[in-house]
Asks: 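I'd like to ask you about the structure that follows.
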Protein chains: 2
Amino acid sequence: MATKLTSRQKEILEYLHKSSRTTGLMPSTRELQHYFGFASQTAAMSHLRALEKKGVIQRVPGKARAVIFPEELDREEIRDIPIYGRIAAGYGDSTAPEPEGCLSIDITSLGGRGKNETFALRVRGESMIDAHICDGDTVILEKREARNGDIVAALIDGETTLKRFISQKGKTYLQAENPKFPDLIPTDELIIQGVMIALLRKAA
Amino acid sequence: MATKLTSRQKEILEYLHKSSRTTGLMPSTRELQHYFGFASQTAAMSHLRALEKKGVIQRVPGKARAVIFPEELDREEIRDIPIYGRIAAGYGDSTAPEPEGCLSIDITSLGGRGKNETFALRVRGESMIDAHICDGDTVILEKREARNGDIVAALIDGETTLKRFISQKGKTYLQAENPKFPDLIPTDELIIQGVMIALLRKAA
DNA sequence: CTTCATTTTTTTCATCCGAAAATTTTCCTT
DNA sequence: AAGGAAAATTTTCGGATGAAAAAAATGAAG
């Protein structure tokens with residue numbers, strides 16, 4: 001079952017992947033035929049059969065374009081998370097800024113919490129270094145109410161910063177995780193944009 | 001174009017997602033019909049048309065099961081990465097141990113390096129804490145030759161540990177990023193299992 | 001009540017598409 | 001040279017599937 005693929009079979013499989021990713025559709029046997037210049041559709045059919053026999057694809061008999069990649073079946077649901085470099089003041093409900101990128105990850109790896117809206121921020125500065133959050137890291141946040149001890153993205157002076165949210169004896173304030181940075185006692189209102197649920201770092 | 005969906009349309013869209021994720025296939029219009037108990041296939045058709053008009057799906061005229069989610073088209077290629085808790089001694093080429101989980105993420109977020117085989121390890125212990133890698137973090141590694149300064153997973157005494165790889169003046173050794181841990185000079189041979197390319201941390 | 005969009009029905013077509021049987025060709029291995 | 005697997009061809013079927021036209025319910029809003 002786990003026999004190696006022939007070079008032709010690799011070509012076919014690669015095309016299946018490419019087609020499925022770029023067009024969003026599985027090719028029909030005739031589309032395969034035309035792409036590879038076969039004179040017959042049966043050639044495509046028998047290749048699919050061979051690939052199925054070797055376990056790299058699955059097929060559903062009788063159904064159109066019914067080629068499945070087993071690894072995608074096992075996969076958890078994928079969440080697409082917009083990455084913002086900076087969140088402007090008016091944010092919160094409606095005016096989402098332009099994302100500067102996007103991050104796709106399965107929801108299990110995010111800790112299961114999938115219900116709320118999620119977004120990501122690139123960390124700038126060292127103010128959370130003692131929580132082992134570094135400059136350049138990408139922090140993934142969830143929109144929900146902050147609880148004591150949560151790391152949150154908050155709006156301070158029109159700028160979004162990452163801090164630890166502290167709620168003690170009825171008072172709430174923000175704390176940096178770096179002795180060089182002072183605590184922030186909110187002047188009027190504390191606007192929490194999101195609560196950190198995960199962190200992603202690329203190696204240099 | 002960005003009109004809100006009616007409740008019926010939400011149901012249909014949700015079924016499309018569910019079907020596509022669990023069976024790996026888009027339902028045909030007749031499958032939609034039977035699922036929702038319509039007496040006609042045309043009912044399904046017109047719902048699909050409505051969803052397309054509102055921009056939440058795309059369709060390719062004339063082709064079977066040709067419903068596409070736009071967000072999946074934009075998505076980068078997803079990589080499925082097995083997570084190992086422990087890598088046994090004989091590893092490296094053939095004998096992969098049982099993964100204790102799986103992580104799916106787009107390859108761009110991994111730093112582009114997509115060619116080599118990748119795997120992930122759960123970090124245990126504090127030996128790399130000064131590199132801001134904590135107990136419980138998941139480290140994503142790539143199989144390739146280590147360069148000076150890389151953080152690597154290496155096999156020491158039949159155990160896999162994460163250390164910084166140092167190569168100076170022809171000598172190579174491993175360095176913990178925690179003053180409490182000593183450097184490791186290899187006794188005979190240094191077996192590098194992978195080089196760290198990214199890190200993922202779930203908030204507590 | 002009227003209007004209008006949404007939702008559903010009935011019927012009919014054309015064609016997309018998987019499937020099968022019987023061969024032939026190509027190429028690698030012994 | 002022989003054997004065998006992989007690759008490709010030719011031809012034929014029937015079911016799967018999208019599509020269209022005409023119309024009838026349904027339900028919410030003015």
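For the numbers below, each heavy atom of this structure counts, side chains included, while hydrogens, waters and symmetry mates do not. Below, read A as the first sequence line, B as the second, and so on, with proteins coming before strands; counting in each chain starts at 1.
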Asks: At under 4.0 Å between heavy atoms, what does A:Ala43 touch on the DNA or RNA strands: base, sugar-phosphate, or nothing?
Replies: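 Base, at least one base atom sits under 4.0 Å.
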Asks: Using OP1 and OP2 only, check whether a side-chain N or O of A:His47 sits under 4.0 Å from D:dA6.
Replies: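 Answer no for this pair, as no side-chain N or O of A:His47 is under 4.0 Å from OP1 or OP2.
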Asks: Using a cut-off of 4.0 Å on non-hydrogen atoms, how would the nucleic acid contact of A:Arg8 be classed: base, sugar-phosphate, or nothing?
Replies: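 Sugar-phosphate, no base atom in range.
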Asks: Could you state the atom-to-atom distance from CD of A:Gln33 to C1' of D:dT11 in whole Å?
Replies: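 That distance rounds to 13 Å.
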Asks: With ring centroids as reference points, do B:Phe165 and B:Tyr173 lie under 6.0 angstrom apart?
Replies: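 No, they do not, as the ring centres are separated by 6.0 Å or more.
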Asks: Measure from CE on B:Met26 to P on D:dG18 and round the result to the nearest Å.
Replies: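 Taking CE of B:Met26 and P of D:dG18, I get 12 Å after rounding.
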Asks: Using heavy-atom distances to pick each residue's nearest nucleotide on DNA chain C, tell me which of A:Glu31 and B:Gln9 is more 5'.
Replies: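 Residue closer to the 5' terminus by nearest nucleotide: B:Gln9.
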Asks: Between A:Arg65 and B:Ile12, just flag the one whose closest nucleotide in DNA chain C comes earlier from the 5' side.
Replies: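 Mapping each residue to its closest nucleotide by heavy atoms, the 5'-most match is B:Ile12.
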Asks: Kindly say whether B:Met128 contributes a backbone atom to a donor-acceptor pair with the side chain of B:Asn178 at under 3.5 angstrom?
Replies: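 Side chain of B:Asn178 to backbone of B:Met128, a donor-acceptor pair under 3.5 Å: no, none is there.
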Asks: Taking the side chain as every heavy atom from C-beta outward, state whether A:Met196 and A:Ile133 have any pair of such atoms under 4.5 Å apart.
Replies: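 Counting from C-beta outward, A:Met196 and A:Ile133 do come under 4.5 Å.
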Asks: Report the distance from atom CE of B:Met45 to atom P of C:dT11, rounded to the nearest whole Å.
Replies: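 Going from B:Met45 (CE) to C:dT11 (P), I get 19 Å.
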Asks: For the pair made of CG in B:Leu32 and C1' in D:dA19, what is the distance, rounded to whole Å?
Replies: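 Rounded to the whole Å, the gap is 15 Å.
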Asks: For B:Asp137, run the side-chain contact (heavy atoms from CB on, under 4.5 Å) check against B:Leu162, B:Val123, B:Leu200, B:Leu121 and tell me which one passes.
Replies: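 Of the listed options, the one satisfying the test is B:Val123.
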Asks: D:dA19, OP1 or OP2 - any side-chain N/O from B:Gln41 closer than 4.0 Å?
Replies: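 Indeed not, no polar side-chain atom of B:Gln41 lies that close.
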Asks: Return no unless some side-chain N or O of A:Arg59 is found under 4.0 Å from OP1 or OP2 of C:dC17.
Replies: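 A:Arg59 to C:dC17 OP1/OP2: no side-chain N or O under 4.0 Å.
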Asks: Mind checking the CD-NE2 spacing from A:Glu72 to A:His17? Nearest 0.5 Å is all I need.
Replies: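 Separation between the atoms: 6.0 Å.
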Asks: From CD of B:Gln58 over to P of D:dG18, roughly how many Å is that when rounded to an integer?
Replies: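 One finds 17 Å between P of D:dG18 and CD of B:Gln58, rounded.
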Asks: For A:Val152, is there any backbone N or O sitting under 3.5 Å from a side-chain donor or acceptor partner on A:Lys163?
Replies: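 Looks like no, no N/O pair under 3.5 Å.
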Asks: Please report, rounded to the nearest Å, how far the P atom of D:dT9 is from the NE2 atom of A:His34.
Replies: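 Roughly 11 Å, once rounded to whole Å.
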Asks: Measuring to OP1 and OP2 of C:dA20, would you say a side-chain N or O of A:Arg49 lies under 4.0 angstrom away?
Replies: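 Yes, A:Arg49 has a side-chain N/O under 4.0 Å of OP1/OP2 on C:dA20.
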Asks: Here's a test of your reading of the structure: between A:Arg30 and A:Ala44, which maps to the more 5' nucleotide of DNA chain D?
Replies: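 The residue closer to the strand's 5' end, by nearest nucleotide, is A:Ala44.
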Asks: Considering every strand and a 4.0 Å limit on heavy-atom distances, what is the contact class for B:Ser40: base, sugar-phosphate, or nothing?
Replies: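 Result for B:Ser40 = base.
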Asks: Taking only the side-chain nitrogens and oxygens of B:Thr29, find out if one of them lies under 4.0 Å from OP1 or OP2 of D:dT17.
Replies: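 Checking D:dT17 against B:Thr29, no side-chain N or O comes under 4.0 Å of OP1 or OP2.
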Asks: Rounded to the nearest angstrom, tell me the gap between atom NZ in B:Lys63 and atom C1' in C:dC17.
Replies: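 To the nearest whole Å, that distance equals 12 Å.
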Asks: Could you tell me the separation between the CG atom of A:Leu48 and the P atom of C:dC17, rounded to a whole number of Å?
Replies: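 From A:Leu48 CG to C:dC17 P: 13 Å.
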Asks: Give a yes/no answer on whether the side chain of B:Thr42 brings an N or O atom under 4.0 Å of OP1 or OP2 in D:dA19.
Replies: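 No, B:Thr42 has no side-chain N/O under 4.0 Å of OP1/OP2 on D:dA19.
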Asks: The side chain of A:Phe38 is closest to which nucleotide in this list: C:dT9, D:dA8, D:dT17?
Replies: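 Within the option list, the nearest is D:dA8.
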